[in-house]
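See below for the structure under consideration.
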Amino acid sequence: MPTADLCTEEEIVQLVNCFCENVRKGEVLGPIFSQHVKDWVTHLSTMVDFWSSTLRDGSRFRGAPMPKHRALPGLSFDLFECWLMLFRQTTGVLPNAALGQRTSELARRIAQSLWHGYQTSQDAHKLVGAA
């Protein structure tokens, strides 16, 4: 349940910026994100809105992450695990331990959900192609 008591907006901005910086520098995820994220300012703003909605007020984010991830070619479980590892590394050094713990927990659920949705969509594409 989102609660404004968990963290400040500035802490969310710091989390998102640090995480995205780590992703962009990463040997595995960096090239993938560089290929698909053309406007980092907009992407960062969207991610701040997402995490603010998830953690604080529940109403700022109006996007749909699943279709965007389903449309990406060649995703694998290992890539989701890499994303999650980078996320945990980022949250592990946050001064606000409660924020770090909560966002790591939510990130795990999000990664599982996106991976499941991605697999489901790929299976559906295979069935349509086989028909």
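Remember, it's a predicted structure, so these values are computed and weren't measured experimentally.
In this structure, the side chain of His69 engages the main chain of Pro65 through a donor-acceptor pair within 3.5 Å. Ser45 contributes no side-chain N or O that, together with a main-chain N or O of Val41, makes up a donor-acceptor pair within less than 3.5 Å. The main-chain N or O of Gly117 is found under 3.5 Å from a side-chain atom of Arg70 such that the two form a donor-acceptor pair. The backbone N or O of Arg109 lies less than 3.5 Å from no partner atom in the side chain of Ser113, so there is not a single donor-acceptor pair. In this structure, the side chain of Tyr118 does not engage the main chain of Met66 through any donor-acceptor pair within 3.5 Å.
Ring geometry for Phe19 versus Trp83: interplanar angle over 60°, hence perpendicular rather than tilted (30 to 60°).
Considering only heavy atoms from C-beta on, Trp51 stays 4.5 Å or farther from Arg56 through its side chain. For the pair Asn22 and Gln89, the minimum side-chain heavy-atom distance is 4.5 Å or more. The shortest distance between side-chain heavy atoms of Asn17 and Glu21 does not fall below 4.5 Å. Side-chain contact check for Thr91 versus Gln101: every heavy-atom pair is 4.5 Å or farther apart.
Partners of Gln112 according to the side chain to side chain contact (heavy atoms under 4.5 Å, CB included) rule, which considers only residues two or more places apart in sequence or in another chain, are Arg108. Partners of Asn96 according to the side chain to side chain contact (heavy atoms under 4.5 Å, CB included) rule, which considers only residues two or more places apart in sequence or in another chain, are Cys7, Glu11, Ala98, Leu99.
Ile12 CD1 to Asp49 CG: the interatomic distance, rounded to the nearest 0.5 Å, is 10.0 Å. With values rounded to the nearest 0.5 angstrom, Glu105 atom CD is found 9.5 Å from Thr103 atom OG1. Taking OG from Ser53 and CZ from Arg62, the interatomic distance works out to 7.0 Å, rounded to the nearest 0.5 Å. For the atom pair Cys20 SG and Met47 CE, the distance stands at 7.5 Å (nearest 0.5 Å). Note that CD of Gln14 and CD of Glu9 are 12.5 Å apart. Values are rounded to the nearest 0.5 Å. With rounding to the nearest 0.5 angstrom, the CZ atom of Arg60 is 11.0 Å from the CG atom of Leu55.
Transitive grouping of hydrophobic side chains (ILVMFWY, heavy atoms separated by less than 4.5 Å) keeps Met85 and Leu114 in distinct clusters.
Heavy atoms only, all atoms of each residue included: Gly26 and Pro31 are closest at O-CD, 3.6 Å. Scanning all heavy atoms of the two residues, the minimum distance from Leu29 to Leu86 falls at CD1-CD1, 3.8 Å. For Ala111 against Phe80, the heavy-atom pair with the smallest separation is O-CD2, 3.7 Å.
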The test is side chain to side chain contact (heavy atoms under 4.5 Å, CB included); show your working for Trp115 and Ile110 and say whether it passes.
CA-CA 8 Å; Trp115 176 239; Ile110 290 164; over 6 Å; no
Step-by-step side chain to side chain contact (heavy atoms under 4.5 Å, CB included) determination, Ser52 to Phe61
CA-CA 8 Å; Ser52 183; Phe61 181 71; over 6 Å; no
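By the 6.0 Å contact criterion, NZ on Lys25 is open, its count of non-hydrogen atoms from other residues, nucleotides or ligands being 12 or less. The neighbour count for His36 NE2, taken as heavy atoms of other residues, nucleotides or ligands under 6.0 Å away, is above 12.
For the residue pair Ser104/Arg88, the side-chain donor-acceptor check at 3.5 Å is not satisfied.
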